[in-house]
Amino acid sequence: MFNIEAIRKDFPVLDLQVYGKPLVYLDNAATTQRPNQVSALIADLYQSGSGNIHRGAHFLADRCTMLFEQTRDTVKEFINAESREEIIFTKGTTESINLVAFSFGERFINPGDEIILSEMEHHSNIVPWQLMCNRKGAVLKKLPFDENGVLEIDLLESLITEKTKIISVAHVSNVLGTVNPVKEIIRIAHRHQVKVLVDGAQAIQHLPVDVQDLDCDFYAFSGHKIYGPTGVGVLYGKKILLDEIPPYQGGGEMIDSVSFNGTTFNVLPYKFEAGTPNIIGVIGLGEAIRYVSSLGLENIGEHEHQLLGYLTQELKKFGGIKIYGEAPNKASVVAFRHEKVHPYDMGMLLDKLGVAVRTGRHCTDPLHERFGIDGTVRASLAVYNNIEDIDLFIKAMNRVVSMF
Amino acid sequence: MFNIEAIRKDFPVLDLQVYGKPLVYLDNAATTQRPNQVSALIADLYQSGSGNIHRGAHFLADRCTMLFEQTRDTVKEFINAESREEIIFTKGTTESINLVAFSFGERFINPGDEIILSEMEHHSNIVPWQLMCNRKGAVLKKLPFDENGVLEIDLLESLITEKTKIISVAHVSNVLGTVNPVKEIIRIAHRHQVKVLVDGAQAIQHLPVDVQDLDCDFYAFSGHKIYGPTGVGVLYGKKILLDEIPPYQGGGEMIDSVSFNGTTFNVLPYKFEAGTPNIIGVIGLGEAIRYVSSLGLENIGEHEHQLLGYLTQELKKFGGIKIYGEAPNKASVVAFRHEKVHPYDMGMLLDKLGVAVRTGRHCTDPLHERFGIDGTVRASLAVYNNIEDIDLFIKAMNRVVSMF
Amino acid sequence: MTITEEEKSIIEEFSIYEDWMDKYAYLIELGNELPDIDDKHKISENLIRGCQSRVWLTADYHDGKIFFEGDSDAIIVKGLVALMLRVLSGHTPQEIIDTDLSFIDEIGLKQHLSPTRSNGLMAMVKQMKLYAVAYRKLAEEGRIS
Amino acid sequence: MTITEEEKSIIEEFSIYEDWMDKYAYLIELGNELPDIDDKHKISENLIRGCQSRVWLTADYHDGKIFFEGDSDAIIVKGLVALMLRVLSGHTPQEIIDTDLSFIDEIGLKQHLSPTRSNGLMAMVKQMKLYAVAYRKLAEEGRIS
Ligand SMILES: Cc1ncc(COP(=O)(O)O)c(C=O)c1O
Ligand SMILES: Cc1ncc(COP(=O)(O)O)c(C=O)c1O
């Protein structure tokens, strides 16, 4: 049913040799590789010509417009949005969150208002809110997590006041791997008329997402983390909210008519898509989503969970390892430190043995602060990883540790 | 020296048949096609694997980081910026202008301040300023142009008051083709301590740009209009200004350290590059610039000028045509109306004859308002067009007009 | 004729054109044949302003049926308007609501009706459907006949 | 030894390693051999904080020469720090200002010194050059010797 060898064939990069060693790519939380289907489509579009979209009225423009707008439907179905107008194309998760922080902030945030973030958020889900809070005189509050990397959800209700306007939280932590109980968070928030943005950058590629079931107000993710191109992302927003908040960027596409005396804006989703979008990037994202859907996110999740279990077990057997993040509900990311080897040294040496991991603070300073550490090694898995990757990784770890 | 046939071979799309007719692509001001060199590099990067940049510490990440940062040097040299920190990668001209309107606005614009735009600006160089003016209580003023599409530069000095903070003007008009005297505008502006942003979306692919010679404060352009990928653009800014204005978007990359109590920002250029950039798009843009540089912008300009002269002459011979924009200094764009044929009809029928032009208002409502028209047909040329393209276009026009 | 029959007859008419230019020549003919809307109806409330062309639409209701008039400044759009009127005008609100106008697809002119092709046509069709919904409601309430 | 001679000798030492792992093993050895900086110097003004690792640097001036001490929490970085100290420490400000440290490129470790690899090394080298500039100025003004 789930033929890992066939899947690996879709990713020619897995045959790469680096420094004379076969590549073991375990940096998937930073960016995933692309299957042939995606690269071929992109290459074809660049080669066979493309037009600018929407306003064009000729063959190439029509073709691109059609493929572009079809992708909106693809995304809509993928996350089960209610309507295609709720799907905004951005350049990535970071921009999606900045858009909401700005436009929601302009409309709804007044001095003294409060925004709640979890302590495990990625900088991309902290700094946009800080910038907005500084402008608006609003305040950030943090929802902590426990030793295992589980959000202290019991505290949420006590953090919410009548000044609280929005909660922004990762669906899956990019370091701890924790799958946060976003549905419950949203239920609690909505009881207090508080909106919720879910940062899905590390969830969308690992588990089925149904925005209507979650009932989230906004959901953000990036193309390059779900086997798609760079420079493209998605913002889902409830129509009623997107209608109410002002536009973010101004320019072509997002207007109805412009004069020096005043401008009227286009309808959704175009109101939030100023300028020529990443046309070929968006179309490539559509292909990546079709690829993922054809495998089935349940199947992908199951495969990755098996690997995660094996990886965790092998790391524990290894000795001298402390894993950060041991939530019961976890996606395929493992961050750890070895008692004797600094993360940077570990990363450098693993690289020379062909193993790509990521080291450092992974854009989560507050999380690392919480644990009192200045960095971790992070191994993160994708659909194309297999048991052998993990064995090679552990073997390489042995070699590295023996040097100290 | 300038071998047009060899150049055309770099663009396989020129062999395309649309509706059974050979493609004549005259919609280059909307988006240009890409040479094999660019598509091949992009295809290769997607196929052979890529990593996230800057923070990664493994082979794939290092390779992409190197290529990405080399592109910054390529752009720096291409527009002769003083330092690489002055080159910010964005998703396009529209975003570049939004960035400046926001960050410059936050830092320098107070209620009652004035911003001057020309009447021929693209919506992407109007709406960002309107949005900012609405937030800040500032005022937009417009610099008009004459019947021929030439800016009434004599009026500029009288428009500038001590409240004027910035002038934003197109280097080349996307409809009239006028090459505006930006160097003179900048000289006048600077005499009054007024800053200048130049919208180079329609200039960068047609004429050599030297930001130090112009002495502009900001310069913006898009990749997809200079034979590069979609979803990537550039903002040049003088270092001293970029240092002074606050960041635009928040997120990964653009920070130095983050805590809930406060965040310190990264140095230039990273301060303005939040989140994972369009890595492969940026690298592709570098290849496009190398392509253009290898041909030489002087040569390109000369070739396009010859075509422009021929096209203009043929349209005038044609009869019943009014051309909008007859500035002495003009780039290769011709907008016109036929007395009997509505622009939309013209565009539709030309398309079916294989000729791609653009019709409508081309995101320049105020310009069309100025002429009292609701649209034009626009034919715009690129380096790969030739005399035959123009002959085919005129032949198709004849066929179309005969139907009315 | 029912809506479906009218659609069929249009599809048949168009089926003889193998060449795009002939198809468009016929559209132009249809556009030319459609009487211009009276200038007094060319007012902003009847105007559907696309980025590419403008469309005017009026609606009248009698004997349980809706009668549309339409116009456009672009002749090809006007030809398409003529087709829409031919199919939809003179039918009951319910019939108008129920149709999906798939004939446009079958005669190969779907592009003109795409939501992103801002020629005003798509908005016109939406407007026609809205008129139908409104008239049906008024009729059900017995306020018009 | 002059800076150039020192660089040459390092290049020679590294030339015997064909394998990346051996090269790194040697770097680790160098890192282990470099004495830790005194705890009292591990203060924030001597700290260069990268995203990946931390580097400490102190500088002293006597007899017309600058003497650096350095440390890092990552041993590979510390090995590289050791190389930098070996090349630059004990030289005049002018000599330090003039060198471009191209040996790092020649021994294949340039990546570690790239401005975007935030391990603190690049910032350390900048800091060393800044010290040199500052001491040269003080010396020229006759305020130190
Ligand atoms: C949880 C989380 N949020 C946001 C981001 C930012 O995504 P991007 O850099 O694609 O904008 C990331 C990516 O590292 C992430 O892991
Ligand atoms: C003069 C001018 N400015 C700005 C833009 C906007 O460029 P983009 O859509 O690539 O952001 C364009 C493109 O149409 C243009 O012609």
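Fair warning: this is a prediction, and the values are worked out from it, not measured in the lab.
Between chain B and the options A/Ile97, A/Thr93, A/Leu131, heavy-atom pairs under 4.5 Å are most frequent for A/Leu131. Put simply, of A/Gly354, A/Gly275, A/Gly281, the one with the most heavy-atom pairs under 4.5 Å next to chain B is A/Gly275. Of the listed residues (B/Thr31, B/Val258, B/Val127), the greatest number of heavy-atom pairs within a distance under 4.5 Å of chain A belongs to B/Val258. Ranked by heavy-atom pairs under 4.5 Å with chain B, the first of A/Thr32, A/Leu117, A/Asn125 is A/Leu117. No other option in B/Glu121, B/Gln249, B/Lys91, B/Gln33 has as many heavy-atom pairs under 4.5 Å with chain A as B/Gln249. Heavy-atom pairs under 4.5 Å with chain B peak, among A/Ala40, A/Gly251, A/Gly51, A/Gly347, at A/Gly251. Of the listed residues (B/Met132, B/Lys225, B/Glu369, B/Glu106), the one with the most heavy-atom contacts under 4.5 Å to chain A is B/Glu106. Options A/Val13, A/Ile126, A/Leu16 differ in how many heavy-atom pairs under 4.5 Å they form with chain B, and the most are formed by A/Val13. Highest contact tally toward chain B, considering only A/Ala43, A/Ala30, A/Pro12, A/Ser50, is held by A/Ser50 [criterion: heavy-atom pairs under 4.5 Å].
Of the two parts of A/Asn98, only the side chain, counted from C-beta on, holds a non-hydrogen atom closer than 4.5 Å to a non-hydrogen atom of chain B. Only the side chain of A/Ile42 comes within contact range of chain B, with at least one heavy atom under 4.5 Å from a heavy atom of that chain. For A/Lys141, the part lying near chain B is the backbone, with the side chain staying farther off; criterion is any non-hydrogen pair under 4.5 Å. Proximity to chain A (any heavy atom under 4.5 Å) is shown, for B/Phe11, by neither the backbone nor the side chain. For A/Leu14, no part lies near chain B; criterion is any non-hydrogen pair under 4.5 Å. Looking at A/Phe265, the atoms closer than 4.5 Å to chain B (heavy atoms on both sides) all sit in the side chain, from C-beta outward. Contacts of A/Ser257 with chain B are made by both backbone and side-chain atoms, with heavy-atom separations under 4.5 Å. Neither the backbone nor the side chain of B/Pro246 comes within contact range of chain A; no heavy atom of the residue lies under 4.5 Å from a heavy atom of that chain. For a residue to count as touching a neighbouring chain, one of its non-hydrogen atoms must lie under 4.5 Å from one of that chain's; by this rule A/Ile280 touches chain B with backbone and side chain alike. For chain B, the nearby part of A/Leu23 is the side chain; its heavy atoms alone come within less than 4.5 Å. If you measure heavy-atom distances from A/Pro35 to chain B, you find no contacts under 4.5 Å at all. Only the side chain of B/Leu60 comes within contact range of chain A, with at least one heavy atom under 4.5 Å from a heavy atom of that chain. With a threshold of 4.5 angstrom between heavy atoms, B/Asn278 approaches chain A through its backbone and through its side chain. A/Pro277 touches chain B through its backbone: at least one of N, CA, C or O sits under 4.5 Å from a heavy atom, while the side chain does not.
With sequence neighbours excluded, the residues that form a side-chain hydrogen bond (donor to acceptor under 3.5 Å, both in side chains) with B/Thr263 are A/Gln130.
Looking at B/Tyr384 and B/Asn28, their side chains do bring a donor and an acceptor atom within 3.5 Å of each other.
Pairing each heavy atom of B/Asp351 with each of B/Val18, the nearest pair is O-CG2, 4.3 Å. Between A/Trp129 and A/Leu140, the shortest heavy-atom distance links the atoms CB-CD2, 3.8 Å. Residue A/Phe272 comes nearest to A/Pro247 through the heavy atom pair CE2-CA, 3.8 Å, listed as atom of the first residue, atom of the second, then distance.
Considering B/Val357, B/Asp27, B/Leu26 as possible partners of B/Arg378, the one that fulfils the side-chain contact (heavy atoms from CB on, under 4.5 Å) test is B/Asp27.
Ring geometry for A/His368 versus A/His362: interplanar angle of 30 to 60°, hence tilted. Using cut-offs of 30° and 60° for the angle between ring planes, the B/Tyr248 and A/Tyr248 rings count as parallel.
Applying the side chain to side chain donor-acceptor pair (under 3.5 Å) rule to pairs touching residues 35-49 of chain A yields A/Ser48-A/Arg63, sequence neighbours excluded.
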